Amino acid sequence: MTNTKRIAVIAGDGIGKEVTPTTVKALEAACAAGGKQLAFTHFDWGADRFLRDGTTLPHDAPEMLRRDFDAILFGALGDPRVPSNQHAADILLGLRFKLDLYVNARPCVLFDKRLTPLRDRNEKDVNFIVFRENTEGAYAGIGGNFKRDTPDEVAVQEDVNTRKGVERIIRYAFEYARRKKLKRLCMSDKSNAMTYGHGLWQRVWTEVRKEYAEIESRHLYFDTLTMEMVRDPSQFDVIVTCNLFGDIASDLGAQLSGGLGLAPSGNIHQGQVSLFEPVHGSAPNIAGKNVANPFGSALAGAMMLEYLGWEREAQLIDAAVHGAIREGKTTPDLGGKFGTKELGDWLAERIAKHGLAGAGA
Ligand code: NAD
Ligand code: IPM
Ligand code: MN
């Protein structure tokens, strides 16, 4: 394994431009501590570039990223000056689809019981991961408008579910549970109402779960899942669901574990270039104010290192974020007074100071 990995950085819009540089610093510090190196290349894809010259995702970008990079660090996309959100759909959904990043892994981990809005819950109660199918479902972009902008307008948005797509995400979730020795896995759909698409999820699920008898597997309809996540989150280790429901479940899970500013994610296809980003968006309401929480992005950076096989360096970042929260060094969303940049610098300094001894601290 080489000691240098090539990272494409797409900071994007809004707070993506503020949190991503802090993560680059934390990554540099963690890798330096472990005698490793990251070579970063920055891409300016986002609203500014789109408004300047119409570029969203260059047509050769997926092939270039696959060929020239080991992983992608992503910020966020979305800008009030682009109400259609066209650039975000082209770039973010474009990369997820064209790089075939079929796993969207979104861990929901409560670092400190002060941070959950739930009464009488602690770190043991909120510790699960959502696996969101990431390449099809309601996001497939198939549909259209008929008699647009007339009183008779009809809008069609197809929900695409393929046997291959459903099987590979369910299987990935089971394999993850097996690898991490997690006991419970829950698949969630709306097969009671969406009988064709989610009927397929049911049939594939019934087949695949037989191969993982050691894992306690169960099914919940998605409306019930959201209720149960709030009522008693301690019953979940691994949740697997479709693209749209995974989007919703992961924001809910983020809130249970301290808020969107803390939640990381990985868009993964094992063995291929994969993309890591915070779960949150570009947050135009706080952009440019140096108040965005950089921890979601930092933890996404840690997921990226783990994906690259550098677990000890990943732990350095995790431990630094834990340390900051423990010491109350946070941005205003978590009740602190720190700025994004100051907190980013603090993380990098802490990592440099503790070196490899800081892993797991
Ligand atoms: P959002 O995640 O940007 O913000 C939701 C709320 O959470 C806001 O009040 C925001 O201030 C707060 N928040 C988010 N991240 C935070 C952080 N790091 N620190 C502190 N507070 C934080 O979602 P939204 O407002 O629904 O969407 C804004 C734009 O972002 C839209 O254009 C949307 O499409 C886009 N978006 C992009 C992504 C992505 O790039 N992956 C994800 C979600 C939303
Ligand atoms: C996310 C976002 C995206 C999604 C949007 C920006 C299209 O909410 O990454 O969770 O729905 O997947
Ligand atoms: Mn979302």
Side-chain angles (χ1 to χ4, degrees), residues 10-23 45-47 50 56-57 72-97 101-108 115 117 130-141 157 241-255 257-268 275-301 321 324-325 330-341 343-344:
I10 306 167
D13 302 331
I15 63 168
K17 288 198 263 201
E18 297 172 63
V19 297
T20 311
T22 68
T23 300
W45 304 328
F50 175 63
T56 58
L57 185 70
I72 304 163
L73 178 69
F74 191 91
L77 285 173
D79 188 300
R81 293 170 300 166
V82 189
S84 68
N85 216 27
Q86 187 57 48
H87 70 300
D90 284 4
I91 300 168
L92 180 58
L93 301 183
L95 288 173
R96 287 178 184 167
F97 284 41
L101 304 174
Y102 68 94
V103 178
N104 196 329
R106 297 187 154 185
C108 303
L115 300 180
V130 176
F131 287 110
R132 163 185 182 189
E133 200 293 320
N134 211 30
T135 52
E136 48 186 60
Y139 281 65
Q157 188 97 39
T241 187
C242 66
N243 206 337
L244 180 59
F245 296 167
D247 182 43
I248 298 165
S250 56
D251 268 29
L252 174 51
Q255 201 55 52
S257 39
L260 263 184
L262 270 174
S265 74
N267 300 259
I268 296 169
L275 183 154
F276 298 83
E277 56 170 339
V279 172
H280 66 72
S282 56
N285 57 340
I286 57 166
K289 297 185 178 145
N290 194 39
V291 294
N293 186 341
F295 292 163
S297 175
L299 295 171
V321 172
I325 291 173
T330 61
T331 41
D333 56 311
L334 300 186
K337 292 199 181 82
F338 274 68
T340 311
K341 193 173 168 309
L343 211 45

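All figures in this text were calculated on a predicted structure; none of them were measured in a lab. Counting starts at 1 for both ligands and their atoms, following the listed order.
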*Does ligand 2 have an atom under 4.0 Å from some heavy atom of Arg132?*
yes

*For atom 2 (O) of ligand 1, find the nearest protein heavy atom and state the residue, atom name and distance (0.1 Å precision).*
Gly281 N, 2.7 Å

*How many angstroms lie between CG in Asn293 and CZ in Phe338, if you round to the nearest 0.5 Å?*
12.5 Å

_Asp251 vs Gln255, side chain to side chain donor-acceptor pair (under 3.5 Å): CA-CA, chis, key distance, verdict_ = CA-CA 6 Å; Asp251 268 29; Gln255 201 55 52; over 6 Å; no

*asked:* Return the closest protein heavy atom for atom 10 (C) of ligand 1 as residue, atom name and distance.
replied: Asn285 OD1, 3.5 Å

*Is there an N/O/S atom in Asp251 that lies less than 2.8 Å from the Mn ion (ligand 3)?*
no

_Close-contact set for ligand 1 against Pro284 heavy atoms, below 4.0 Å_ = 28 (C)

*Would you name the heavy atoms of Ala47 and Val82 that are closest together and state the gap between them?*
CB-CG2, 4.1 Å

*ligand 1 versus Leu92, non-hydrogen atoms closer than 4.0 Å: side chain, backbone, both, neither?*
side chain

_Distance-only donor-acceptor check, side chains Asp247 and Tyr139, under 3.5 Å_ = yes

*Which heavy atom of the protein is the closest neighbour of atom 5 (C) of ligand 1, given with residue, atom name and distance?*
Leu260 CD1, 3.9 Å

*Who gets closest to atom 4 (O) of ligand 1 by heavy atom: Ser265, Gly261, Ala283, Ala292?*
Ala283

*asked:* Give me the nearest non-hydrogen protein atom to atom 40 (O) of ligand 1 as residue plus atom name, then the distance to 0.1 Å.
replied: Leu77 N, 2.9 Å

*Would you mind finding which of Ile91, Ile15, Val291 brings a heavy atom closest to atom 16 (C) of ligand 1?*
Ile15

*Got a donor-acceptor contact below 3.5 angstrom from the Arg106 side chain to the Ser250 backbone?*
no

*Any non-hydrogen protein atom less than 4.0 Å away from atom 12 (C) of ligand 1*: no

_Would Arg96 count as being in polar contact with ligand 2, using the rule that some N or O on each side must be under 3.5 angstrom apart?_
yes

*For Asn85, is at least one N or O under 3.5 Å away from an N or O on ligand 2?*
no

*Indicate the atoms forming the closest heavy-atom contact of Leu275 with Leu95, along with that distance.*
CD1-CD1, 3.8 Å

*Which protein heavy atom lies closest to atom 19 (N) of ligand 1, and at what distance to 0.1 Å?*
Asn293 N, 2.8 Å

_So Asn267 and Asn104, do their side chains get closer than 4.5 Å, heavy atoms only?_
yes

*Does atom 25 (O) of ligand 1 have a protein non-hydrogen atom under 4.0 Å from it?*
no

*Taking atom types as modelled and ignoring hydrogens, do the side chains of Thr135 and Glu133 form a donor-acceptor contact shorter than 3.5 angstrom?*
yes

*Judged by atom type as modelled, is there a donor-acceptor pair below 3.5 Å linking the side chain of Asn290 to the main-chain atoms of Thr340?*
yes

_Tell me whether Ser282 has any N or O atom under 3.5 angstrom from an N or O of ligand 1._
yes

_Is there a polar contact between ligand 1 and Ile286, counting only N or O atoms under 3.5 Å apart?_
no

*ligand 2 contact on His280 by region, counting heavy-atom pairs under 4.0 Å*: neither

*Minimum heavy-atom separation for Leu334 to Gly258, with atom names?*
CD2-O, 3.3 Å

*Looking only at side chains, do Asp13 and His87 share a donor and an acceptor under 3.5 Å apart?*
yes

*Nearest option to atom 15 (N) of ligand 1, as decided by whichever heavy atom of Lys289, Glu277, His280 sits closest*: His280

*May I ask you to say whether Glu136 pairs ionically with Arg96, meaning some side-chain N is under 4.0 Å from a carboxylate O?*
no

_Proximity to ligand 1 by part of Val19, non-hydrogen separation under 4.0 Å_ = neither

